[in-house]
Amino acid sequence: MDITQMRDRILKQDRRALARAITLVESGRADHRAQASELLEALRGSGKQALRIGLSGTPGVGKSTFIESFGMMLTEKGLRVAVLAVDPSSARSGGSILGDKTRMEQLSRNPNAFIRPSPSQSHLGGVARRTREAVALCEAAGFDVILIETVGVGQSETVVAEMSDLFMLLLAPAGGDELQGVKRGIMEMADIILVNKADGDLKATAMRTCADYAGALRLLRKRPQDPEGFPKAMTVSALQEDGLETAWGEMTTLVDWRRDNGHWDARRAAQARYWFEEEVRQGLLAKLRQSPAREVMAALALEVEDGETTPSLAAQRMLEEHLGG
Ligand SMILES: Nc1nc2c(ncn2[C@@H]2O[C@H](COP(=O)(O)OP(=O)(O)OP(=O)(O)O)[C@@H](O)[C@H]2O)c(=O)[nH]1
Ligand SMILES: [Mg+2]
């Protein structure tokens, strides 16, 4: 399949072409990279914008269960749903989604859903680019909603938030004074906090946890991209499919307001800029790791160690003479 063919098929919502295109963007081979760039350029601006929803939560909080029931609900509304993942930890077997496709049994068989497991790459920068490009491909293939899942470990939330229109934080009911170690920076990224497992014995705890987080959200600095009442916390039960309609209602309310007030476009533009700058940074770092820059750097480092030159002067030489800056 050549690039033009692949483009045409993706635009016709052909799932096999989409899957092959994602394999292409995942490849590390230089010729594949060139083809992937060509394909993405050919698709640029085609199709409508999907709603990209980032979803983060610690292991076991219920992400897969939530995606299964929330995704099914969306497809029942006639929406086409794609599910992608950013999973930087190579330790997990084959990526989070593949590992528990059993928990997304219905969704994975649904003709209006497309689930793509995380690639087995350990480098977050590589996963980030691959996912961002997969998002663009799914968008071109006409998906209405793209769910991007990540396990809440360190940096990956930022990566997902920077490619999402909405960022959801899934939390578990917390017992006692344990107000989970959610970092302030992550709280500040959240548009909606969902306290999951609000069912059975856990319901009362979930509601208390939700109230605690609602209080914590109110203490954060007001963001220009939020209407009154956002960000907000609410309870759901992914397992019992409870609160999902309400959650979807809140998401669309927020998104509609942002569209009407220019924040949607502004955010997409800022994200495009962010990823451009990030790629340049990553590209420069990659250059440093390759020959001949790596050897020159090591040689200059020795000179600095021996006091033959100053750190600043050596850095300047490195940048000007060996990195074309
Ligand atoms: N009671 C209750 N249990 C739930 C709910 N959602 C998920 N669970 C259970 O919590 C466990 C973990 O759910 P998963 O959906 O696999 O969680 P996850 O966040 O995808 O976990 P990882 O993929 O390991 O990061 C399973 O045993 C689920 O059945 C819920 O709404 N209520
Ligand atoms: Mg999971």
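Starting from 1, each residue takes its place in the sequence as its number. Both ligands and their constituent atoms are indexed starting at 1 by order of listing. Computed from a predicted structure; not experimentally measured.
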Open item on the list: As an exercise, identify every atom of ligand 1 less than 4.0 angstrom from a heavy atom of K63.
Closed with: 15 (O), 17 (O), 18 (P), 19 (O), 20 (O), 21 (O), 22 (P), 25 (O)
Task: Proximity winner for atom 3 (N) of ligand 1, if only heavy atoms of L239, T150, T65 are counted - done: L239
TODO: Kindly confirm or rule out an N or O of G60 lying under 3.5 angstrom from an N or O of ligand 1.
DONE: yes
- [ ] Using the ring of W264 (Phe, Tyr or Trp, six-membered ring only), decide whether R258 places NZ or CZ under 6.0 Å from its centre and within 45 degrees of its axis.
- [x] no
- [ ] Return yes or no for this condition: an N or O of G62 is under 3.5 Å from an N or O of ligand 1.
- [x] yes
TODO: Take S291 and E295, measure what side-chain hydrogen bond (donor to acceptor under 3.5 Å, both in side chains) needs, and give me the verdict at the end.
DONE: CA-CA 6 Å; S291 288; E295 288 79 13; 3.0 Å; yes
Open item on the list: Strictly below 4.0 Å, N to O, side chains only: are E278 and R273 in salt-bridge contact?
Closed with: no
Open item on the list: Looking at K48 and D144, is there a salt bridge between them, counting it only when a charged N and a carboxylate O are closer than 4.0 Å?
Closed with: yes
- [ ] Say whether V61 and ligand 1 are in contact under the criterion: heavy-atom distance to a ligand atom below 4.0 Å.
- [x] yes
Task: N-O pairing of E139 and R44 below 4.0 Å - done: no
TODO: Please say whether E149 places an N or O atom under 3.5 Å from an N or O atom belonging to ligand 1.
DONE: no
- [ ] Output yes if T65 passes the N/O/S-under-2.8 Å test against the Mg ion (ligand 2); output no otherwise.
- [x] no
Task: Numbered atoms of ligand 1 (with element) below 4.0 Å of D199, judged on heavy atoms - done: 1 (N), 2 (C), 30 (C), 31 (O), 32 (N)
Open item on the list: Test your reading of the structure: does F66 have an N or O sitting under 3.5 Å from an N or O of ligand 1?
Closed with: no
Task: Polar contact flag for K197 and ligand 1 (N/O pairs, less than 3.5 Å) - done: yes
Task: Lys/Arg cation over aromatic F230: K232, 6.0 Å, 45° cone - done: yes
Task: E133 and R33 ion-paired at < 4.0 Å - done: yes
